[in-house]
Amino acid sequence: MAIQGHESKLDSYNALLNECVSQGTVKEGQTVHAHMIKTCYFPSLVYLSTRLIVLYAKCDCLDDARKVLDEMTLRNVVSWTAMISVYSQKGYASEALNLFVQMLRSGTEPNEFTFATVLTSCTCSSGLELGRQIHSFVLKTSFESHMFVGSSLLDMYAKAGRIHDARQVFTCLPERDVVSCTAIISGYAQLGFDEEALELFRQLLREGMVPNHVTYASLLTALSGLAALDLGRQVHSHVLRSKVPTFIVLQNSLIDMYSKCGNLAYSRRVFDSMTERSVISWNAMLVGYSKHGMGREVVELFDLMRKENKEKPVSVTFLAVLSGCSHGGMEDKGLEIFYEMKKGTYGAEPEMVHYACVVDLLGRASRINEAFEFINKMPFVPTPAIWGSLLGACRVHSNFEIGEFAGRQLLEIEPENAGNYVVLSNLYASAGRWEDMRTIRELMKEKVVIKEPGRSWIEIDQILHTFHASERSHPRREEAKTKLMELSTKFKEAGYVPNLSCVLFDVDEEQKEKILLNHSEKLALAFGLIATSEGSPIRVIKNLRICVDCHNFAKIFSKIYGREVSLRDKTRFHRIVGGICSCGDYCRALLPSSLPFFSRALLTGRAPAFFSPKSRAVCFSPEHLLSLELLRSLVAQSAPFSVFEPRPPLGLIQPLGASLWGWPGRPPMGIENQPPMGADYQPLGASLWGWPGRSPMGAENQPQLG
DNA sequence: CAGGAGACCT
């Protein structure tokens with residue numbers, strides 16, 4: 001009788017706790033907890049205690065949850081794993097890892113649940129090393145083919161930039177589901193391998209993957225990177241017509257996709273149609289306006305956000321607002337918001353990035369001395385971005401003294417960035433200090449590492465045409481080049497003067513001009529002119545920042561041919577109409593816009609290599625296979641790098657033909673929500689699936705692991 | 001009783 005009563009009491013506790021967990025009520029949970037303390041010796045009852053841990057975690061009482069674990073007289077894998085999971089989910093990575101170690105020391109063997117959980121905490125700075133150790137451990141326990149463990153593992157590698165290791169784990173999985181497929185697709189997308197992400201999505205779809213809203217969100221990330229509007233609309237259509245419920249995450253990525261494809265009207269439509277919004281929805285919309293240089297809209301939307309008062313602005317919100325004010329000519333408003341922030345009006349402290357925005361804002365407004373003072377009074381050590389911003393402003397507004405100071409700071413802390421040398425040497429040249437200019441150029445040859453080759457693309461009739469300074473693969477490249485020569489002559493007559501200071505190399509002027517004309521966005525523009533009908537707008541996407549010379553070129557182009565030019569570069573949109581650009585001509589970076597693939601070889605006489613900071617990948621050009629030795633030494637020196645085969649030639653990508661879901665380019669919204677397809681809509685769609693006859697994921701393209 | 005993927009920003 002007594003025993004039975006005891007058991008039924010435990011059952012009631014269990015039921016009560018379950019109820020509290022599902023309702024998320026701490027108070028009642030605490031009452032149950034207190035009752036348990038009084039009536040039974042529960043710390044030895046593992047599952048009841050574990051329920052308590054979950055309850056407290058759900059109510060954000062992490063310390064209480066931990067206290068329950070610490071006071072347990074008997075613990076098993078489940079209770080340890082529950083607590084580790086609490087820490088990982090709330091973002092306390094080091095606590096999670098410490099607890100994992102503590103668990104091992106206590107002699108408890110981890111199981112597949114533990115591994116799947118703890119690996120999600122290995123994404124911090126020292127995470128890869130730990131993750132590797134855990135991977136070895138996983139191999140010993142032969143959980144590596146477990147789907148959940150495998151997904152965590154591959155995600156861990158992808159987040160550390162080791163996409164090939166991630167791919168290897170994925171390939172070895174005996175079974176796959178949406179989550180593991182999404183993890184690998186999003187791995188590619190997040191590292192900027194957008195075409196690869198797309199190709200993989202398509203391949204997995206053929207193999208029977210049933211995507212869910214997370215998969216589509218990841219796919220949209222890749223499409224945003226490519227500015228593939230038409231495909232983005234296909235995804236939107238598909239989502240609306242299929243039974244995928246509307247998730248905020250997915251709507252947020254739609255807002256972002258439309259804005260990065262140049263179609264803010266659609267972004268706003270999605271934003272307005274949402275019944276519920278998260279901070280990220282607001283951020284995505286604000287960032288969109290900011291990148292398009294629409295300062296007034298940024299401020300208006302920010303005011304609306306504060307009026308609604310549902311979502312608190314966070315760090316990224318202020319980043320968007322401040323840079324929007326800077327790019328959109330609302331300097332005073334930006335400063336006002338920054339100082340309100342400092343006063344604590346919004347409950348968010350300004351961080352380094354916000355200070356950087358203010359420096360940019362002051363520099364843009366020609367308030368150089370003020371910007372310099374601002375930097376000196378900052379509570380942070382200035383970053384390269386801050387000095388770079390100031391140096392750029394000094395170049396534009398010809399302030400030699402402060403510019404030289406900023407430049408010297410930069411060369412010290414960021415010696416591998418070519419742009420710094422170029423801007424500083426230009427500053428010396430404009431002050432007539434030729435000796436200093438030469439010294440800087442010499443210095444550059446020793447230290448510079450070229451980062452990423454430039455490329456530009458333009459979509460015409462659903463075909464994506466890519467131009468690349470050192471690539472010869474586009475079938476109409478010669479035609480485009482001939483047209484470009486013609487434009488150059490014509491524009492010079494109209495007053496265009498090539499800005500030779502945009503060239504890195506120490507060659508004669510004629511050579512410099514040639515190099516400038518080789519910049520990929522000029523080729524894309526020239527091609528746009530011959531391949532589109534008269535008067536239609538031309539949209540070009542560029543993976544780096546546009547240089548001053550190409551910017552001037554595009555302005556004259558728009559004026560002479562009466563074409564609207566929309567150019568998305570690394571940081572923002574330039575909308576050029578009648579020779580006037582929406583950016584207000586503030587090109588503080590006098591960077592060469594398109595560094596040829598082999599420029600490092602030209603500069604240093606050494607093998608060409610670049611690494612992409614985003615993906616931490618080293619890449620080599622196929623024409624220069626002699627670089628293998630250097631490759632090995634680079635890899636040996638720097639553990640966290642992946643080695644890549646170069647991307648396949650992207651000269652011309654064929655259209656999709658029958659599109660993914662069989663409705664090519666159908667309007668993404670139902671008739672009733674259909675925005676007008678009038679003058680504002682120009683398909684930018686890029687049919688990017690695959691390169692003819694070649695899969696980027698083929699075995700021949702897989703690098704050797706280990 | 002515990003577990004894997006995701007949107008904004010660098």
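Proteins come first, then strands; the chains are lettered A, B, ... in the order of their sequence lines, and each starts at number 1.
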Just jot down the side-chain contact (heavy atoms from CB on, under 4.5 Å) partners of A/M330, sequence neighbours excluded, or say none.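 If we apply the side-chain contact (heavy atoms from CB on, under 4.5 Å) test to A/M330, skipping adjacent residues, the hits are A/V299, A/C325, A/K333.
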How many whole angstroms separate atom CZ of A/F143 from atom P of B/dA2?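 From A/F143 CZ to B/dA2 P: 18 Å.
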Can you list the residues that meet the ring-ring contact (aromatic ring centres under 6.0 Å, His included) rule with [X], with sequence neighbours excluded?
| X | result |
| --- | --- |
| A/F380 | A/Y355 |
| A/F573 | A/H292 |
| A/H354 | none |

Base contacts versus sugar-phosphate-only contacts with protein, heavy atoms under 4.0 Å: please encode nucleotides 3-10 of chain B as B, S and - from 5' to 3'. BBBBBBB-
Show me the pairs that pass salt bridge (Lys or Arg N to Asp or Glu O under 4.0 Å) and involve residues 80-103 of chain A, at least two apart or across chains.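 Qualifying pairs, neighbours excluded: A/D60-A/K90.
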